[in-house]
Amino acid sequence: IATANTTQTIRYKMLTDATIEPGSVSITVDVTSKEGEPSNSPISIPVIQPERFEITGMEAPETMMLGEEGYLAVVFVNKGKSVINNLSAEIQGDNLANPGQSQFLGNIQPGTENSVDFSVMAEQEGNINGKVILTYEDAKGNQKTLEKEFSCMVEPGMDMMDPGMMDPGMMDDAY
């Protein structure tokens with residue numbers, strides 16, 4: 001019970017319906033004074049749904065030959081009830097001949113699965129160690145990122161002028 005010229009905080013735990021759309025819910029609080037004078041106050045309560053955006057799979061070559069182009073596929077899904085906005089994907093890494101590839105994928109509706117593909121080539125023998133970065137805005141407009149790492153072994157390329165690689169039946173009979 002509050003007295004004149006004082007403030008009192010009252011806490012209520014509220015639970016929304018599981019199917020409610022994110023946004024704002026308006027309620028009215030009715031208060032009656034000790035003297036019986038009624039008063040009411042409208043209150044707007046923001047409602048958000050938990051974000052459930054995730055990378056669910058990645059297909060990358062385990063081994064490649066130097067000079068060969070491979071493909072990297074990343075699968076993502078929006079399991080939440082809010083739209084994922086302005087999604088873009090980028091690839092970064094060591095020993096990539098084509099780093100910095102970027103794709104704008106737009107908005108991802110709730111309950112939607114999609115994928116993005118990148119081409120992968122190595123600068124030299126060894127390993128490619130890289131990552132795919134998904135950047136997006138959540139329902140509140142906050143920028144967020146998801147990252148997934150990958151690696152690939154790069155072996156020497158085949159030398160087409162190597163005599164050991166030639167079919168003996170294709171040699172000239174110049175002797």
Side-chain angles (χ1 to χ4, degrees), residues 9-29 40-158:
T9 301
I10 301 171
R11 296 185 190 275
Y12 289 97
K13 187 173 186 174
M14 297 182 188
L15 184 63
T16 63
D17 186 315
T19 60
I20 194 167
E21 292 293 322
S24 184
V25 174
S26 296
I27 63 171
T28 301
V29 176
N40 62 36
S41 178
I43 298 175
S44 181
I45 301 171
V47 175
I48 59 169
Q49 291 284 353
E51 180 185 306
R52 296 178 58 210
F53 182 60
E54 58 190 60
I55 295 173
T56 57
M58 177 181 283
E59 289 183 30
E62 291 181 20
T63 305
M64 290 176 44
M65 305 294 267
L66 187 61
E68 177 185 17
E69 183 177 48
Y71 292 92
L72 173 74
V74 180
V75 180
F76 50 87
V77 65
N78 181 2
K79 294 180 181 178
K81 297 188 185 234
S82 299
V83 176
I84 297 298
N85 296 300
N86 299 318
L87 176 64
S88 62
E90 180 182 355
I91 187 172
Q92 296 178 355
D94 298 329
N95 195 21
L96 280 173
N98 49 356
Q101 295 175 65
S102 180
Q103 297 182 42
F104 179 73
L105 303 166
N107 298 340
I108 308 301
Q109 296 299 317
T112 303
E113 180 180 74
N114 209 334
S115 65
V116 61
D117 299 327
F118 292 99
S119 65
V120 179
M121 289 185 71
E123 289 185 320
Q124 59 191 9
E125 296 173 27
N127 286 324
I128 295 174
N129 294 307
K131 63 182 172 180
V132 172
I133 304 165
L134 300 183
T135 304
Y136 61 97
E137 295 172 4
D138 65 14
K140 293 180 182 178
N142 299 319
Q143 187 169 338
K144 296 188 171 186
T145 59
L146 286 177
E147 297 183 5
K148 182 91 171 166
E149 294 182 353
F150 70 94
S151 64
C152 175
M153 183 182 301
V154 181
E155 296 180 349
M158 293 199 309

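Worth saying up front: this structure is predicted, and the values here are computed from it rather than measured. What's counted below: heavy atoms across the whole structure, side chains too, no hydrogens, waters or symmetry copies.
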Exercise. Do the non-hydrogen side-chain atoms of I43 and S26 ever get within less than 4.5 Å of each other?
Worked result: no

Exercise. Are the side chains of M58 and L72 in touch, meaning some heavy atoms are under 4.5 Å apart?
Worked result: yes

Seminar exercise, completed: When rounded to the nearest 0.5 Å, the distance separating CD of E69 from CE of M64 is 8.0 Å

Exercise. Tell me, do N107 and I84 make a side-chain contact under 4.5 Å, heavy atoms counted?
Worked result: no

For this session: Hey, could you give me the CD/CD distance between Q92 and E147, rounded to the nearest 0.5 Å?
Result: 7.5 Å

Problem set entry | Contact list for residues 102-132, test ring-ring contact (aromatic ring centres under 6.0 Å, His included), sequence neighbours left out | none

Problem set entry | S119 backbone acceptor or donor facing N98 side chain under 3.5 Å | yes

Exercise. Between CD of E125 and CD of E155, what distance do you get to the nearest 0.5 Å?
Worked result: 9.0 Å

For this session: For the pair N85 (side chain) and G141 (backbone), establish whether a donor and an acceptor sit closer than 3.5 Å, ignoring hydrogens and angles.
Result: no

Problem set entry | Full working for side chain to side chain contact (heavy atoms under 4.5 Å, CB included) between V120 and I91 | CA-CA 9 Å; V120 179; I91 187 172; 4.2 Å; yes

For this session: List in chain and number order the residues that pass side-chain hydrogen bond (donor to acceptor under 3.5 Å, both in side chains) with E113, two or more places apart in sequence or in another chain; answer none if no residue qualifies.
Result: none

Problem set entry | Pairwise distance NZ(K131) to NZ(K148) - rounded to 0.5 angstrom | 14.0 Å

Exercise. What's the shortest heavy-atom distance between K144 and D138, and which atoms?
Worked result: CE-OD2, 3.2 Å

For this session: Verify side chain to side chain contact (heavy atoms under 4.5 Å, CB included) between N127 and N95, making sure each step is shown before the conclusion.
Result: CA-CA 7 Å; N127 286 324; N95 195 21; 5.8 Å; no

Exercise. Passes side chain to side chain contact (heavy atoms under 4.5 Å, CB included), N129 versus E149? Steps please.
Worked result: CA-CA 8 Å; N129 294 307; E149 294 182 353; over 6 Å; no

Seminar exercise, completed: Here the gap from T135 atom OG1 to E90 atom CD, rounded to the nearest 0.5 Å, amounts to 7.0 Å

For this session: Applying side chain to side chain contact (heavy atoms under 4.5 Å, CB included), run through N78 and Q109 and close with a yes or a no.
Result: CA-CA 7 Å; N78 181 2; Q109 296 299 317; 5.9 Å; no

Exercise. What's the shortest heavy-atom distance between S44 and S24, and which atoms?
Worked result: OG-OG, 2.5 Å

Problem set entry | Pairwise distance SG(C152) to CG(L96) - rounded to 0.5 angstrom | 9.5 Å

For this session: Name all pairs fulfilling the ring-ring contact (aromatic ring centres under 6.0 Å, His included) condition that reach into residues 127-154, sequence neighbours left out, sorted by first residue then second.
Result: F53-Y136

Exercise. Can you name the nearest heavy-atom pair linking E137 to N86, along with the distance?
Worked result: OE1-ND2, 3.1 Å

For this session: Please check if the side chain of Q103 supplies one atom and the backbone of D117 the other of a donor-acceptor pair under 3.5 Å.
Result: yes

Exercise. Any side-chain heavy atom of N114 within less than 4.5 Å of one from L105?
Worked result: no

Exercise. Does any non-hydrogen side-chain atom of V75 lie less than 4.5 Å from one of S115?
Worked result: yes

Exercise. Which atom names give the shortest non-hydrogen contact between G70 and P61, and what distance separates them?
Worked result: CA-CG, 4.4 Å

